[in-house]
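All of these numbers come straight from a predicted model, not from anything done at the bench.
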Amino acid sequence: MVGALAREPAAQHHIRGRWDVQQSDGGVYLIAERDGEIVGQTVLLRRSKYGEVRADVDPAEINGLQAYVRRQGIGTAIIRAAEAIAAGEWNRSAIGLAVGLDNDPARALYERLGYEPWSGPQLLDHWTEQAADGSVVRTHSDPCQYLLKPF
């Protein structure tokens, strides 16, 4: 499965991490497929990875949303599936996500779907880029805005 999702070997470790989240019951790995081809993915976390957000609201969290084909409703479909799980199966009161400050198209989509800026401070998203063998290639610290949607 990892090989089918990761066209580049460096992405395989990242995808294994998403799968591990699901296996540990920390969330659900959502994969969008159309005509037998994977067209998008995300991981829906049971709790936000940001301590500041958890202390304030404690939402379920969409993390690392990717739609490989743009402007065809794939991102929206993945978000709607995540919302259904968070509100329905998990009975959460809100769902959230972080968006890079320079990612205006994604922010516009999220706002169109009812997500609003969280009242807390701007966040730093820390993550590591890893090779297929798990060795760290680069560490990132990206400023982002957190958006919430209450149910």
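Summarising the geometry, atom CD1 belonging to Ile38 is positioned 12.0 Å from atom CD1 belonging to Ile74; distances are rounded to the nearest 0.5 Å. Taken to the nearest 0.5 Å, the CG atom of Asn63 stands 6.5 Å off from the OH atom of Tyr50. If you take CG on Leu45 and CZ on Arg18, they are separated by 9.5 Å, rounding to the nearest 0.5 Å. In this structure, the separation between CG on Asp125 and OG on Ser141 is 8.5 Å, given to the nearest 0.5 Å. Annotation: the span from Thr76 atom OG1 to Leu113 atom CG amounts to 4.5 Å, rounded to 0.5 Å. Here CD1 of Ile62 is found 5.0 Å from CG of Leu97. Values are rounded to the nearest 0.5 Å.
Criterion: ILVMFWY side-chain heavy atoms under 4.5 Å apart, direct or through other members. Under it, Leu44 and Trp19 are not part of a common hydrophobic cluster. Put simply, Phe151 and Val53 are part of two different groups of oily side chains (I, L, V, M, F, W, Y) that touch within less than 4.5 Å, one to the next. Placement of Leu123 and Leu147 in two distinct hydrophobic clusters is found when ILVMFWY residues are connected by side-chain heavy-atom separations under 4.5 Å, directly or transitively.
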Verdict with supporting geometry, Val43 and Val28, side-chain contact (heavy atoms from CB on, under 4.5 Å)
CA-CA 6 Å; Val43 66; Val28 176; over 6 Å; no

Evaluate Leu101 against Gln145 for side-chain contact (heavy atoms from CB on, under 4.5 Å), listing each step before the verdict.
CA-CA 6 Å; Leu101 300 181; Gln145 180 180 30; 4.1 Å; yes

Start with the C-alpha gap between Glu37 and Tyr68, add the side-chain angles, then the distance that decides, and say whether side-chain hydrogen bond (donor to acceptor under 3.5 Å, both in side chains) holds.
CA-CA 10 Å; Glu37 183 178 339; Tyr68 303 132; over 6 Å; no

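Residues Ile31 and Val39 are not in side-chain contact: their nearest non-hydrogen atoms beyond the backbone lie 4.5 Å or more apart. In this structure, Tyr146 and Pro59 have side chains that are in contact, with non-hydrogen atoms separated by less than 4.5 Å. Two residues are said to be in side-chain contact when any heavy atoms from C-beta on lie closer than 4.5 Å; Cys144 and Gln122 fail this criterion. Side-chain contact between His126 and Asp142 is absent, with no heavy atoms from C-beta onward closer than 4.5 Å. At a threshold of 4.5 Å between non-hydrogen side-chain atoms, the residues Leu148 and Val57 count as touching.
Checked options Ile79, Val99, Asp104; the residue passing with Leu109 is Ile79 (criterion: side-chain contact (heavy atoms from CB on, under 4.5 Å)).
Contacts classified as salt bridge (Lys or Arg N to Asp or Glu O under 4.0 Å) and involving residues 50-64 (residues at least two apart or in different chains) are given here: Arg47-Asp58, Asp58-Arg92.
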For residues 80-91, run the donor-acceptor check on the side chains, cut-off 3.5 Å, and write out each pair with its distance to 0.1 Å, sequence neighbours left out.
from: Arg80; atom 1: NH1; to: Glu83; atom 2: OE1; distance (Å): 3.1
from: Glu83; atom 1: OE1; to: Lys149; atom 2: NZ; distance (Å): 3.4
from: Glu83; atom 1: OE2; to: Tyr115; atom 2: OH; distance (Å): 2.7
from: Glu83; atom 1: OE2; to: Lys149; atom 2: NZ; distance (Å): 3.2

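Taking every heavy atom of both residues into account, Thr42 and Gly64 meet most closely at OG1-C, 3.8 Å.
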